[in-house]
Number of protein chains: 2
Amino acid sequence: MQFANDFVVNRRSGGVSGMDEMTEAKLWTNPCPFAFRLNYLALRYNTPCYGWVQKTEGLSRIEYVVIYSIALCEGGQARDIAHSSGFPKNSLSRAMAKLEKEGLIYREQDESDRRNQSLYLTENGRALFDRTVAVFEMREREMLDGLKEDELKTLSNLLAKVVLNCAPLSDEIPDSFNPQEAGKTET
Amino acid sequence: MQFANDFVVNRRSGGVSGMDEMTEAKLWTNPCPFAFRLNYLALRYNTPCYGWVQKTEGLSRIEYVVIYSIALCEGGQARDIAHSSGFPKNSLSRAMAKLEKEGLIYREQDESDRRNQSLYLTENGRALFDRTVAVFEMREREMLDGLKEDELKTLSNLLAKVVLNCAPLSDEIPDSFNPQEAGKTET
DNA sequence: CTTATTTAGTTCCATATAGAACTTGACATC
DNA sequence: GATGTCAAGTTCTATATGGAACTAAATAAG
């Protein structure tokens, strides 16, 4: 099998990084090396951070995502959280109900369209965010530690470019997708 | 609405990308922009791809991860899949049992240490991988479409650098972590 | 040669999760 | 001003999930 891909780096020095063979294979000889690196790094970020809020604040990942989302976009709606985070709306509904009962968020029904409810942090909710966000920032900083200032900027710009490129893509792959066609260059 | 864009990228042209306000905020005015971009891109990759294998092959995400992992690292062990994917070992155990019953994988007990079992794809399992992997490759290609050849290389190298930097990091954040200390430079 | 510790993998089971159906409201069409 | 369609959120419920306890094997310590 051929992995002709820019993302394949010649790094199979056999355990230089102290990783197991499978992780090494997934990183360096993977037909989808970009996707794996994304998922791997996301994992190395999410696991410790959300584990920590769970322990220290008793909030599940989805509950903290709600807090975080509102903190960044005061007055946003559940639908936006669903869309930006990928959590299904029913799970979010449950999370919001709990957070509201605990006095961390509140909702206001939109007068112009009464199906919509805008979400806000209470004082307690804001305080919680303020005292926890530093851990997330620290973890991110720690992960990016090895990059120089200009590399950091470049990485940020390139990821932004990929994000913008992805924005209009459809998330539907037809059932009848034919792998044979996949290799051909698309205009 | 305008977002003060003090962070890295100057791209707030106001909805050019057709995203909702919250997603925009999370992308461009986020204390952890790197982490969010990772998670966002991972989501935009995982959702369509694993949704597609579910529909077309009847395999759940974790089941396909097992197949994929073995395909990349023949003879690997369950522990390695757990470590490289983040799935708990009991869920993997269940997934492997199902895949074995369906004749897609088989296991061989290691003679030198009989706790270990090496994992292999059957002919059917390999065929399944071969006919599905193109969809994953296509999605990755599609996502990276906007990047030029040299940008792709740069991105690949920078992500690799971050991965290597993360490898030795601990995933434990002490319960008693003090955010006040977070800003200070750690030796 | 015990006895304790560690590791790989499995089983058990309480609970989290997410699909599907439902409710309510907006808005379009006739 | 009915009737149909679509969108936001909630509720219901069957199932997937993952923590904890367990088994079995290797290794270390006494």
Side-chain angles (χ1 to χ4, degrees), chain A residues 20-23 43 46-48 50-55 58-66 69-70 73 75-101 105-120 171-172, chain B residues 20-23 43 46-47 50-51 53-55 58-66 69-70 73 75-101 105-120 171-172:
Chain A
D20 61 284
E21 221 176 288
M22 184 178 279
T23 306
L43 183 71
N46 295 330
T47 305
Y50 292 112
W52 180 83
V53 261
Q54 178 67 266
K55 270 188 310 183
L59 294 182
S60 70
R61 175 166 172 182
I62 191 172
E63 284 152 12
Y64 191 76
V65 165
V66 170
S69 300
I70 304 175
C73 186
Q77 313 203 337
R79 148 183 60 99
D80 304 322
I81 304 181
H83 181 251
S84 60
S85 70
F87 284 109
K89 58 184 184 168
N90 56 358
S91 301
L92 285 168
S93 179
R94 218 177 321 116
M96 293 186 309
K98 187 189 157 204
L99 293 171
E100 189 173 40
K101 205 165 73 179
I105 70 170
Y106 65 96
R107 331 187 212 195
E108 268 179 10
Q109 205 153 48
D110 184 349
E111 279 315 308
S112 68
D113 185 339
R114 303 220 334 274
R115 290 170 305 183
N116 298 355
Q117 47 194 29
S118 296
L119 302 166
Y120 301 92
D171 280 355
E172 271 305 315
Chain B
D20 61 283
E21 223 176 287
M22 185 177 279
T23 306
L43 183 70
N46 296 329
T47 305
Y50 291 112
V53 262
Q54 178 67 266
K55 269 188 309 183
L59 295 183
S60 70
R61 175 167 172 181
I62 190 172
E63 283 151 13
Y64 191 75
V65 164
V66 170
S69 301
I70 304 175
C73 186
Q77 314 202 334
R79 146 183 62 99
D80 304 322
I81 304 182
H83 181 252
S84 60
S85 70
F87 284 109
K89 58 185 184 168
N90 56 355
S91 301
L92 286 168
S93 178
R94 219 176 314 123
M96 293 186 309
K98 187 188 157 205
L99 292 171
E100 189 173 39
K101 204 165 74 179
I105 70 171
Y106 65 96
R107 331 187 212 194
E108 268 179 10
Q109 205 155 48
D110 184 348
E111 278 315 307
S112 69
D113 184 339
R114 302 219 335 273
R115 290 170 304 182
N116 298 357
Q117 46 194 27
S118 296
L119 301 166
Y120 301 92
D171 280 354
E172 271 306 315

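A quick note: this is a predicted structure, and the numbers were derived from the prediction, not measured. Per chain, numbering begins at 1; letters A, B, ... match sequence-line order.
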Check your understanding: Quick one: the side chain of B/Arg114 and the base of C/dA8, do they pair up donor-acceptor inside 3.5 Å?
Key -> no
Review point. Measuring from A/Ile81:CD1 to A/Ser93:OG, what's the distance to the nearest 0.5 Å?
Key: 11.0 Å
Review point. Would you say the side chain of A/Ile105 lies within less than 4.5 Å of the side chain of A/Met96, judging by non-hydrogen atoms?
Key: yes
Check your understanding: Has A/Ser91 got a side-chain N or O lying under 4.0 Å from the OP1 or OP2 atom of C/dA18?
Key -> yes
Practice item. Specify the separation, in whole Å, of atom CG of A/Asn90 and atom P of C/dT23. Key: 16 Å
Check your understanding: A/Arg94 has an atom CZ; how far is it from atom P of D/dT11, in whole Å?
Key -> 11 Å
Practice item. Could you state the atom-to-atom distance from CD of B/Gln54 to C1' of D/dT15 in whole Å? Key: 13 Å
Point to revise | A/Ser118 side chain near A/Gln77 side chain, heavy-atom distance below 4.5 Å | key: yes
Exercise for review: Treat primed atoms plus P, OP1 and OP2 as sugar-phosphate and everything else as base, then score nucleotides 3-9 of chain D 5' to 3': B for base contact with protein heavy atoms under 4.0 Å, S for sugar-phosphate contact only, - for none.
Suggested key: ----BBB
Review point. Between B/Glu172 and A/Pro48, is any pair of side-chain heavy atoms under 4.5 Å apart?
Key: no
Exercise for review: To the nearest Å, give me how far apart CZ (B/Arg61) and P (C/dG19) are.
Suggested key: 14 Å
Check your understanding: So what does A/Asp113 touch, heavy atoms closer than 4.0 Å: a base, only the sugar-phosphate, or nothing?
Key -> sugar-phosphate
Practice item. Please figure out whether A/Ser60 or A/Ser112 has its closest DNA chain C nucleotide nearer the 5' end. Key: A/Ser60
Check your understanding: OH of B/Tyr64 versus P of D/dA16: gap in Å, rounded?
Key -> 21 Å
Exercise for review: To the nearest Å, give me how far apart CZ (A/Phe87) and P (C/dA16) are.
Suggested key: 14 Å
Check your understanding: Once you round it to whole Å, what is the distance between P of C/dG9 and CD of B/Glu100?
Key -> 13 Å
Practice item. State, yes or no, whether a side-chain contact exists between A/Asp80 and B/Glu21 at a heavy-atom distance under 4.5 Å. Key: no
Review point. Using the ring of each side chain (for Trp, its six-membered ring), is B/Tyr106 parallel, tilted or perpendicular to B/Tyr120, with breaks at 30° and 60°?
Key: parallel
Point to revise | Member of A/Gln54, A/Lys98, A/Arg94 meeting the side chain to side chain donor-acceptor pair (under 3.5 Å) criterion with A/Glu63 | key: A/Lys98
